[in-house]
Each structure stands twice: as structure tokens, then as C-alpha cells.
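None of the values given here were measured: they were computed from a predicted structure. Read the numbers this way: they start at 1 and go in the same order the structure lists the ligands and their atoms.
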Amino acid sequence: MAAIPASDRGRRFVVLIGAPGAGKGTQSARLAEALGLCKLSTGDLLREAVRAGTPLGRAAEERMRQGLLVEDDVILGLVREHLRTPGCAGGAVLDGFPRTLAQAEGLDELLAEVGQSVERVVSIEVDEEEIVRRLSGRRICERCGRVRESAEIVAPPEPPSPQVAALPADGVAAAEVCPSCGGPLVQRADDRPETVRRRLEVFREQTAPLLAWYAQKSLLGRVDGGGDVARIHALVRRELT
Ligand code: AP5
């Protein structure tokens with residue numbers, strides 16, 4: 001068997017799994033920072049590709065808009081490429097990946113190539129009513145990129161800034177502006193209620209079966225994803241010890 005390159009020894013790979021809106025992105029950012037790992041979010045990578053208008057982004061856009069999963073081979077290609085970047089030299093917190101059994105098997109193969117394996121899978125669990133509330137209130141600032149909750153959204157200055165006045169009809173409420181920079185707030189295309197319902201169905205059908213699969217490998221921990229973000233972070237950390 002080939003020797004494991006020294007640079008690959010001791011890399012950590014932690015998976016955060018959960019329904020849309022469960023808090024994977026929020027918790028993976030904190031966890032990656034605390035552990036000195038990269039945060040690898042397939043959703044973020046796909047949105048970047050859509051924004052950049054790459055062939056991959058153009059192919060993925062419609063499925064994302066409909067709340068459907070993007071094809072496994074596309075996702076595995078993206079992950080393989082990203083795991084090789086210097087930022088992921090110490091390992092990664094995987095956010096929103098894997099989402100199907102084929103992806104989980106693909107991940108095991110990718111890691112086995114470098115003598116690594118998944119260390120732990122943490123399921124963040126939140127009830128669906130809370131998820132719909134979170135996602136319907138989420139807005140993103142087009143100018144500074146920050147995520148805002150409905151409670152933080154403030155009325156626009158008078159008269160409205162040209163950017164706000166120029167918001168397209170489906171860019172959501174022209175009256176919503178970022179409390180930090182005054183930029184226009186928009187809703188993610190897949191945060192509309194009917195698409196959130198579809199994403200939840202897709203999670204139940206295609207991703208939830210991974211919980212039993214990882215439990216059978218004794219890799220699964222479960223945390224209650226409701227309430228204070230710092231408390232959830234502590235629960236996730238406890239699952240890794
Ligand atoms: P992706 O971007 O991964 O979306 P998602 O899983 O649906 O996740 P979200 O980003 O909506 O939620 P989250 O769990 O990360 O929660 P967050 O921290 O953001 O994927 C989008 C699409 O890309 C997919 O539908 C699919 O099409 C495609 N895709 C991605 N990965 C794929 C893959 N592996 N295979 C195939 N297709 C793939 O929080 C949500 C909101 O709640 C935020 O507003 C946040 O501020 C708030 N919040 C977080 N924690 C709390 C808390 N404790 N209390 C109150 N509010 C909170």
C-alpha cells in the first residue's frame with residue numbers, strides 16, 4: 001500500500017448534516033474557525049459558480065432554483081477540487097455535503113485516496129415550523145453580502161436609494177435595506193415558501209437516510225439546533241470529543 005504523504009496525516013473531516021435552514025452554514029463557519037479547518041459548503045460553491053456564470057453554474061442554476069439536488073458527479077468533482085486547495089490542508093468542515101448515499105460513498109473514496117476518513121457526522125435537528133420561519137425571514141444584502149434576519153430589517157431612508165428603487169419585482173420587498181450598509185436586501189431564490197417545502201421533501205427522501213448509514217458506522221451524533229447559536233456550537237464541539 002502506498003505511504004500516506006506526511007501532509008495528509010492528521011487531517012480532520014467533520015460533516016454537518018441537517019435540513020435546509022437547520023443552521024449548518026452558521027455552525028460550520030464557527031466550527032471551522034475554532035478548529036482551524038476550512039469550511040466547505042457545496043451550496044456556497046454552487047452559488048459562486050452561478051454568479052460567475054461558469055458552465056457548471058449555468059447547469060446547476062435551474063435545479064437549485066427548483067429546490068432539487070444537483071447531480072452527484074458534479075458535486076463530487078467540486079468537492080475533490082476544493083479539498084485540494086491550500087486552505088483545506090488541515091481538513092474541512094463539510095457543510096451540506098454529502099446529501100445522498102452516492103455522495104457519502106464518493107466522499108469515503110476521495111478521503112481513502114489520501115489515507116483519511118470522516119471523523120464524525122453531526123446532525124443538527126430543528127423542527128420544520130422553525131425552519132420555515134427562519135428561511136422565510138432570511139435576507140441577503142446585495143452590497144455587503146451579510147445575512148439578515150427579518151427582525152434586523154429596517155425601513156429605507158427617505159427618499160429610497162436608487163439601488164432600492166431599482167430592485168426587480170422578484171428581488172423581494174423594495175422596502176428592505178441592510179442595517180449595516182443600507183444596501184438592498186434580497187431573498188435567496190430558493191427561500192420562497194414553495195421551494196422551501198420542496199427542499200424539505202428532498203431532505204427527507206434523499207438525505208435523511210444518511211443518518212442511519214452513519215449511525216451504523218458509529219459516526220453519528222445528534223444535536224438540538226434550536227435556540228442560542230453559541231449553545232449549539234458548544235453541543236457540536238462536545239460531539240467531537
Ligand atoms: P445549501 O446552500 O447547502 O442550502 P441548505 O442546505 O438548504 O442550507 P441553508 O443554507 O438554507 O441552511 P443552513 O442549514 O446552512 O442554515 P443557515 O446557517 O444558513 O444548498 C442550496 C442548494 O444547492 C440545494 O438546494 C441544492 O440544490 C444545491 N446543493 C448544495 N449542496 C448540494 C449537494 N451536496 N448535493 C446536491 N445539491 C446540492 O441558517 C439558516 C437561517 O437561519 C439563517 O438566516 C441563519 O441566520 C438562521 N439561523 C441559524 N441558526 C439559528 C438559530 N440557532 N436560531 C435562529 N436562527 C438561526
Side-chain angles (χ1 to χ4, degrees), residues 15-32 39-51 56-57 59-80 82 93-107 110 122-141 145-153 185-208 210 223-236:
V15 172
L16 296 191
I17 204 164
K24 302 180 297 295
T26 305
Q27 294 300 329
S28 60
R30 286 186 162 231
L31 188 63
K39 168 185 186 294
L40 196 165
S41 157
T42 42
D44 287 349
L45 292 176
L46 289 167
R47 277 184 291 277
E48 240 172 75
V50 169
R51 258 195 308 276
L56 188 154
E61 187 171 15
E62 190 48 34
R63 294 190 70 80
M64 293 174 75
R65 181 176 291 279
Q66 290 178 26
L68 301 173
L69 296 185
V70 173
E71 292 80 359
D72 292 330
D73 56 340
V74 172
I75 297 292
L76 283 162
L78 260 185
V79 171
R80 174 187 282 277
H82 203 75
V93 178
L94 301 164
D95 158 13
F97 169 84
R99 268 166 137 108
T100 63
L101 191 55
Q103 290 181 19
E105 288 170 343
L107 173 63
L110 274 182
V122 183
S123 163
I124 303 179
E125 310 195 342
V126 176
D127 68 49
E128 289 197 1
E129 208 177 298
E130 166 69 3
I131 281 173
V132 172
R133 192 192 64 73
R134 286 183 187 181
L135 295 187
S136 58
R138 172 165 63 183
R139 299 291 184 272
I140 297 155
C141 177
R146 291 174 78 162
V147 175
R148 297 295 177 187
E149 315 304 323
S150 43
E152 296 177 293
I153 297 165
L185 294 176
V186 292
Q187 187 175 38
R188 243 170 71 170
D190 58 353
D191 275 351
R192 295 185 175 88
E194 65 281 10
T195 317
V196 170
R197 279 193 291 276
R198 168 76 64 81
R199 286 160 67 198
L200 286 167
E201 268 168 38
V202 167
F203 174 78
R204 279 193 296 268
E205 287 165 15
Q206 300 187 56
T207 307
L210 286 182
V223 306
D224 170 9
D228 183 55
V229 168
R231 183 192 67 88
I232 301 163
H233 173 68
L235 293 175
V236 172

**Message:** Any nitrogen or oxygen of Arg138 lying under 3.5 Å from a nitrogen or oxygen in ligand 1? Just yes or no.
**Reply:** yes

**Message:** For atom 26 (C) of ligand 1, what is the closest protein heavy atom, and at what distance to 0.1 Å?
**Reply:** Leu68 O, 3.5 Å

**Item:** Under the side chain to side chain contact (heavy atoms under 4.5 Å, CB included) test, residues paired with Glu130 that sit two or more places apart
**Value:** Val126, Asp127, Arg133, Arg134

**Prompt:** Are the side chain of Arg63 and the backbone of Leu69 linked by a donor-acceptor contact shorter than 3.5 Å?
**Reply:** yes

**Asked** Roughly how far apart are Arg231 CZ and Asp224 CG, rounded to 0.5 Å?
**Response** 5.0 Å

**Request:** State whether the shortest distance between N or O atoms of Glu130 and N or O atoms of ligand 1 falls below 3.5 angstrom.
**Result:** no

**Asked** Does any N/O atom on Gly67 come nearer than 3.5 Å to any N/O atom on ligand 1?
**Response** no

**Request:** Indicate yes or no: at least one non-hydrogen side-chain atom of Val70 is less than 4.5 angstrom from one of Met64.
**Result:** yes

**Item:** atom 46 (O) of ligand 1: nearest protein contact (heavy atom, Å)
**Value:** Glu149 OE2, 2.5 Å

**Prompt:** Closest approach of Ala104 and Pro98, non-hydrogen atoms and distance?
**Reply:** N-CB, 3.5 Å

**Message:** Quick check: Arg99 and ligand 1, any N/O pair under 3.5 Å apart?
**Reply:** yes

**Item:** Ile17 side chain reached by Leu94 side chain, heavy atoms, under 4.5 Å
**Value:** no

**Prompt:** Which distance, rounded to the nearest 0.5 Å, do you find between the CZ of Arg197 and the CG of Leu200?
**Reply:** 9.5 Å

**Request:** Please report which non-hydrogen protein atom sits nearest to atom 8 (O) of ligand 1, along with the residue it belongs to and the distance in Å to one decimal place.
**Result:** Lys24 NZ, 3.5 Å

**Asked** Is there a side-chain contact between Arg138 and Gln187, using heavy atoms and a 4.5 Å cut-off?
**Response** no

**For atom 16 (O) of ligand 1, the protein heavy atom that lies nearest, with its residue and separation** = Gly23 N, 3.1 Å

**Asked** Given Gly137, Ala29, Gly25, Ala189, which has its nearest heavy atom closest to atom 15 (O) of ligand 1?
**Response** Gly25

**Short N or O distance, Ala22 and ligand 1, threshold 3.5 Å exclusive** = yes

**Request:** Keeping to residues at least two apart or across chains, list the side chain to side chain donor-acceptor pair (under 3.5 Å) pairs with something in residues 94-105.
**Result:** Ser28-Asp95, Lys39-Asp95, Asp72-Thr100, Asp72-Gln103

**Prompt:** Taking all atoms of both residues into account, what is the closest heavy-atom pair of Phe97 and Ile75, and its distance?
**Reply:** CD1-CG2, 3.5 Å

**Any N or O of Val229 closer than 3.5 Å to N or O of ligand 1** = no

**Prompt:** Which protein heavy atom lies closest to atom 12 (O) of ligand 1, and at what distance to 0.1 Å?
**Reply:** Gly21 N, 2.9 Å

**Prompt:** So is Gly96 polar-close to ligand 1, meaning N/O to N/O under 3.5 Å?
**Reply:** yes

**Prompt:** Is it true that Arg65 and Asp190 make a salt bridge, defined as a side-chain N closer than 4.0 Å to a carboxylate O?
**Reply:** no

**Request:** Return the option from Thr42, Leu46, Asp190 holding the heavy atom at the smallest distance from atom 29 (N) of ligand 1.
**Result:** Leu46

**Message:** Any salt bridge linking Glu128 with Arg204? Criterion: basic side-chain nitrogen under 4.0 Å from a carboxylate oxygen.
**Reply:** yes

**Prompt:** Given Leu69, Leu107, Thr195, Thr26, which has its nearest heavy atom closest to atom 18 (O) of ligand 1?
**Reply:** Thr26

**Prompt:** Do any nitrogen or oxygen atoms of Val70 come within less than 3.5 Å of a nitrogen or oxygen of ligand 1?
**Reply:** yes

**Request:** Please say whether Arg47 places an N or O atom under 3.5 Å from an N or O atom belonging to ligand 1.
**Result:** yes

**Item:** Protein contact to atom 50 (N) of ligand 1 [nearest heavy atom, distance to 0.1 Å]
**Value:** Arg134 NH1, 3.7 Å

**Fill in**
Closest to atom 21 (C) of ligand 1 (heavy atoms only, candidates Arg199, His233, Arg188) is Arg188

**Message:** Please report whether ligand 1 has a polar contact with Gln103, defined as an N or O pair separated by less than 3.5 Å (distance criterion only).
**Reply:** yes

